[in-house]
Amino acid sequence: MGKYYKYRVRPPFGKPTELLLEFQLNRSNLEFLHVLTETLESINAQIVFKEDMWVNDELLATFSSKQGDFHLSIDIWDNAFILANNNPSCILAIDNELTNSPYFEKAT
């Protein structure tokens, strides 16, 4: 099976010292959350809070992991972002796991 989620690591707008992960999703691929959680098993990533914002068709989830807490946001335009407030090592650990997954490809 080929890699079917492309992502990139970049700083958030206006915060050059932080990092986030950005994904462009396809709504027809509803298993993103499952694949992500499965891929991050080695850092013991678990959803501790999940909310479907039906008003604006957004999903918000908070994860806990061995690397610290992080947040996933999926918006109406099929963009997904993972942020770890002031914890770039968490983002780099997630990046490392994604790089080793058969389901994710890091964009250049």
Using the rule that two of Ile, Leu, Val, Met, Phe, Trp, Tyr join whenever any of their side-chain heavy atoms come within less than 4.5 Å, decide whether Ile47 and Leu25 are in one cluster. yes

Flag side-chain contact, heavy atom, 4.5 Å: Asp69 against Ser64: yes

Note: Gly68 and Cys90 closest approach over all heavy atoms is O-SG, 4.0 Å

Going by the rule side-chain contact (heavy atoms from CB on, under 4.5 Å), which residues pair with Pro11 if we only count those two or more places apart in sequence or in a different chain? none

Tell me the side-chain hydrogen bond (donor to acceptor under 3.5 Å, both in side chains) pairs involving residues 84-93, sequence neighbours left out? Asn87-Ser89

Could you see if Phe81 belongs to whatever hydrophobic cluster contains Val9? Use Ile, Leu, Val, Met, Phe, Trp, Tyr and a side-chain cutoff under 4.5 Å. no

Parallel, tilted or perpendicular: ring planes of Phe63 versus Phe70, cut at 30 and 60 degrees: parallel

If you look at every heavy atom in Ile43 and Ser65, which pair is closest and at what distance? O-CB, 3.3 Å

Residue pairs meeting salt bridge (charged side-chain N to carboxylate O under 4.0 Å, His left out), one or both in residues 89-100, sequence neighbours left out, come to Asp95-Lys106

Side chain proximity check, Phe23 to Ile82, heavy atoms < 4.5 angstrom: yes

Do Glu58 and Ile76 have side chains that get closer than 4.5 Å, going by heavy atoms? no

Run the side-chain hydrogen bond (donor to acceptor under 3.5 Å, both in side chains) test against Glu22 and tell me which residues pass, sequence neighbours left out. Arg8, Arg10

Considering all heavy atoms, the nearest Leu21-Ile91 contact: CG-CG2, 3.9 Å

Exam field: side chain Tyr7 to backbone Phe104, donor-acceptor pair closer than 3.5 Å: no

Find out if a path of hydrophobic residues (ILVMFWY) with successive side-chain heavy-atom gaps under 4.5 Å connects Leu20 to Leu40. no

Verify side chain to side chain contact (heavy atoms under 4.5 Å, CB included) between Leu72 and Leu33, making sure each step is shown before the conclusion. CA-CA 9 Å; Leu72 169 68; Leu33 190 57; 3.5 Å; yes

Under a single-linkage definition using a 4.5 Å side-chain heavy-atom cutoff for Ile, Leu, Val, Met, Phe, Trp and Tyr, are Leu83 and Leu59 assigned to the same hydrophobic cluster? no

At what distance, to the nearest 0.5 angstrom, does CD of Glu105 lie from OG1 of Thr99? 10.5 Å

Shortest non-hydrogen pair, Ser73 vs Leu60, comes out as OG-CD2, 3.7 Å

State which residues pass side-chain contact (heavy atoms from CB on, under 4.5 Å) with Leu92; sequence neighbours excluded, sorted by chain then number. Leu19

For Asn96, all residues meeting side-chain hydrogen bond (donor to acceptor under 3.5 Å, both in side chains), sequence neighbours excluded: none

Hey, does Asn26 have a side-chain heavy atom less than 4.5 Å from the side chain of Tyr4? no

Just so I know, are the side chains of Leu36 and Tyr5 near enough to count as touching, which here means a heavy-atom distance under 4.5 Å? no

